[in-house]
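Atoms within a ligand are numbered from 1 in the order they appear, just like the ligands themselves. Throughout, residue positions are numbered sequentially from 1 according to the sequence presented.
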Amino acid sequence: MLRVGKVDEKQSNLILIPAFGEASIAEVRSVLKEKIKEIRKICDSAYVLRTDSPVWGEIKKLAGFHKIGVVTFEGSGPEALDETVRLFEESSKKNYSVSLYCSPSPHLMYTSLIEDLLLTLRSRKVRRVNLVRTDPGHEIYAEDIVSREIFDIIVVGDDRAKSIFGMTTHVFNTEDFRARSVNRPSEIPKIAMSPRLAKTLVNITSCPPGGLLMDPFCGSGTIIGEAMLMGIDCIGIDIDRRQIRESHRYLEWLRVKYPQVKLGHYRLTVGDARSLEKLIPDQSVDAVVTEPILLPAYDHLPAYSDASRALLRSKGTYQDALHSIGRVLKIGGLAGIVAPEVQTKEGPLRLELESGRNDRLTPILADSGRSYIQLGIQSTRWVKRNLYLFKRV
Ligand SMILES: C[S@@+](CC[C@H](N)C(=O)[O-])C[C@H]1O[C@@H](n2cnc3c(N)ncnc32)[C@H](O)[C@@H]1O
């Protein structure tokens with residue numbers, strides 16, 4: 001995350017605007033760990049986090065958030081805007097905006113907030129101001145906050161009397177991640193995971209710098225690349241030699257692109273994820289992050305029967321790979337495996353991933369109580385992604 005606003009060590013009440021739903025919350029839990037006192041969901045698009053010690057160092061490591069801000073006031077009335085405007089005055093910025101979340105009637109609330117804000121600015125005789133309107137929604141995006149140097153006021157609330165006011169302090173670093181998704185070298189046309197999602201998943205599995213992370217379906221190496229940028233050593237495996245070459249090309253490109261970063265080491269091997277024990281010693285890997293998918297590239301909404309057959313075929317590979325992952329993972333290590341959910345003409349169909357009795361893996365339930373975390377970002381037009389998390393016991 002990129003810092004765009006003033007931060008104070010004492011601030012312990014933060015507003016989180018997630019990009020990947022409950023996966024983003026899983027990320028913040030893994031990265032902040034016991035520093036978290038409470039995470040309160042206001043609605044799907046905003047959470048409030050209370051911490052018991054400063055977390056700014058950790059906040060910078062997150063990837064799964066559009067914005068993070070500090071709470072400036074909880075409640076309503078003139079004090080709410082007064083306090084936020086005072087912070088705006090202290091900043092050197094000329095542009096400001098209001099981003100509204102969780103309101104059932106956002107248009108009405110946004111309009112009345114802007115009116116009150118203008119009155120407050122006038123009464124405090126603040127002149128050097130330029131309101132950047134949100135168009136068409138009620139939220140200013142991260143890249144605008146950076147490029148136009150905007151002081152972004154966050155208002156979260158389903159009810160004016162209980163609104164939470166804040167200011168954005170960190171935004172997602174769009175520029176940096178765009179360089180690794182759009183400008184990366186590639187010879188095989190493919191569907192690669194976004195580096196942003198890859199980094200979020202690596203964070204969720206809590207692999208420490210210097211630890212060893214494995215992607216046994218590594219494709220073009222996106223997950224490995226993000227882990228290496230975090231100082232994690234990696235093993236990438238793929239059954240297709242061309243994909244291994246593609247990964248190699250990408251990871252060497254990263255080395256040239258980020259000379260200032262101490263990258264982790266990597267090893268790439270052609271091999272079958274269903275028999276990892278032939279390639280890697282038992283209990284030698286700290287974390288696994290992978291996205292096999294293994295479905296046809298649908299160019300239309302598939303029929304239930306076709307999707308069901310395709311999912312059944314790929315489920316065998318998933319389950320065999322899961323068993324094999326259980327052998328090579330160290331005790332206590334986490335495996336994050338992305339599995340598809342296909343939209344069909346007759347409704348959605350999910351690949352359900354279960355650990356067997358011999359897999360030495362225990363599932364970690366999502367906050368929702370489900371066996372998987374919805375990632376809220378599609379793989380292709382008809383395929384959604386779910387994350388299954390397992391711990392080696
Ligand atoms: C969806 S792609 C992975 C994409 C990758 N996350 C990326 O961003 O580039 C799945 C990969 O799994 C590989 N694969 C399929 N079956 C495999 C198996 N049994 N063992 C290892 N790799 C396999 C394919 O060759 C393909 O490159």
Side-chain angles (χ1 to χ4, degrees), residues 20 23 63 177-202 204-205 213-229 232 234-254 266-280 285 287-298 310-328 335-342 351 353 375 377-388:
F20 304 130
F177 280 83
R178 188 173 291 143
R180 300 204 286 287
S181 52
V182 180
N183 303 337
R184 64 187 283 169
S186 144
E187 296 220 327
I188 315 172
K190 64 182 171 289
I191 306 147
M193 180 183 277
S194 84
R196 178 184 196 179
L197 178 59
K199 179 165 175 155
T200 306
L201 298 178
V202 173
I204 289 176
T205 58
L213 180 141
M214 175 180 73
D215 179 353
F217 297 84
C218 72
S220 55
T222 315
I223 293 168
I224 304 261
E226 291 311 302
M228 281 171 58
L229 283 166
I232 296 170
C234 296
I235 302 180
I237 293 158
D238 202 288
I239 207 159
D240 183 344
R241 192 172 293 281
R242 288 171 317 155
Q243 291 291 352
I244 289 291
R245 272 203 300 273
E246 189 82 344
S247 275
H248 188 75
R249 185 177 301 117
Y250 175 56
L251 300 175
E252 285 307 307
W253 177 81
L254 280 186
Y266 73 90
R267 183 155 67 87
L268 297 171
T269 308
V270 178
D272 193 331
R274 293 168 291 188
S275 47
L276 295 167
E277 56 284 358
K278 290 189 188 152
L279 307 166
I280 303 165
V285 167
V288 173
V289 179
T290 196
E291 177 179 54
I293 298 293
L294 318 171
L295 292 177
Y298 297 113
L311 280 176
L312 200 63
R313 266 199 306 275
S314 77
K315 182 158 177 172
T317 307
Y318 265 87
Q319 288 295 158
D320 292 347
L322 188 64
H323 179 74
S324 196
I325 286 168
R327 285 188 64 163
V328 299
I337 301 163
V338 178
E341 177 171 323
V342 186
L351 189 145
L353 202 52
L375 291 181
I377 175 170
Q378 310 262 127
S379 160
T380 59
R381 182 156 176 215
W382 312 112
V383 181
K384 287 187 181 175
R385 291 164 151 137
N386 295 320
L387 173 70
Y388 288 83

(message) If I apply the N/O under 3.5 Å rule, does E291 come out as touching ligand 1?
(response) no

(message) For P292, run the side chain to side chain contact (heavy atoms under 4.5 Å, CB included) check against D215, I337, T317 and tell me which one passes.
(response) I337

(request) Apply side chain to side chain contact (heavy atoms under 4.5 Å, CB included) to Q378 and V383, showing your working. (result) CA-CA 6 Å; Q378 310 262 127; V383 181; over 6 Å; no

(request) Decide whether an N or O pair under 3.5 Å exists between I239 and ligand 1. (result) yes

(message) Within ligand 1, which atoms have a heavy atom of P292 less than 4.0 Å away?
(response) 1 (C), 10 (C)

(message) At less than 4.0 angstrom from any non-hydrogen atom of P216, what atoms of ligand 1 do you find?
(response) 21 (C), 22 (N)

(request) Taking only Lys NZ, Arg NE, NH1 and NH2, and the carboxylate oxygens of Asp or Glu, determine whether R385 and E341 approach each other closer than 4.0 Å. (result) no

(request) For L294, counting its heavy atoms only, list the atoms of ligand 1 lying under 4.0 Å from any of them. (result) 15 (C), 16 (N)

(message) Regarding ligand 1, does A273 bring an N or O atom to under 3.5 Å of one of the ligand's N or O atoms?
(response) yes

(request) Please step through side-chain hydrogen bond (donor to acceptor under 3.5 Å, both in side chains) for the pair S324 and E277, ending with a clear verdict. (result) CA-CA 7 Å; S324 196; E277 56 284 358; 2.8 Å; yes

(message) Minimum distance, heavy atoms only, to atom 5 (C) of ligand 1: which one of P195, C218, G221 is it?
(response) C218

(message) Considering both backbone and side-chain atoms of D215, is one of its nitrogen or oxygen atoms within less than 3.5 Å of a nitrogen or oxygen in ligand 1?
(response) no

(message) Using the rule given for side chain to side chain contact (heavy atoms under 4.5 Å, CB included), can you reason through T205 versus V288, listing the C-alpha separation, both sets of side-chain angles and the distance that settles it, and then say yes or no?
(response) CA-CA 7 Å; T205 58; V288 173; over 6 Å; no

(message) Can you name the atoms of ligand 1, numbered from 1 with element, that are less than 4.0 Å from a heavy atom of D272?
(response) 18 (C), 19 (N), 20 (N)

(request) State which residues pass side chain to side chain contact (heavy atoms under 4.5 Å, CB included) with R245; sequence neighbours excluded, sorted by chain then number. (result) R241, R242

(request) Can you sort out which atoms of ligand 1 are near D240, meaning under 4.0 Å from one of its heavy atoms? (result) 25 (O)

(request) Output the list of atoms in ligand 1 that are nearer than 4.0 Å to some heavy atom of M193, sorted by atom number. (result) 7 (C), 8 (O)

(message) Taking distance alone, with N or O pairs closer than 3.5 Å, would you say S220 contacts ligand 1?
(response) yes

(request) Walk me through it: do T222 and R184 pass the test side-chain hydrogen bond (donor to acceptor under 3.5 Å, both in side chains)? (result) CA-CA 10 Å; T222 315; R184 64 187 283 169; 3.0 Å; yes

(request) Please verify whether a non-hydrogen atom of G271 lies at under 4.0 Å from ligand 1. (result) yes

(request) Using the six-membered ring of F20, assess whether NZ or CZ of R196 lies under 6.0 Å from its centre and within 45 degrees of the ring axis. (result) yes

(request) Below 4.0 angstrom from a heavy atom of T222, which ligand 1 atoms are there? Numbered from 1 as shown, please. (result) 7 (C), 8 (O), 9 (O)

(message) Could you check whether atom NZ of K384 has more than 12 heavy atoms from other residues, nucleotides or ligands sitting under 6.0 Å from it?
(response) no

(message) Using the rule given for side chain to side chain contact (heavy atoms under 4.5 Å, CB included), can you reason through N386 versus L375, listing the C-alpha separation, both sets of side-chain angles and the distance that settles it, and then say yes or no?
(response) CA-CA 6 Å; N386 295 320; L375 291 181; over 6 Å; no

(request) Check whether any heavy atom of A198 sits under 4.0 Å from an atom of ligand 1. (result) no

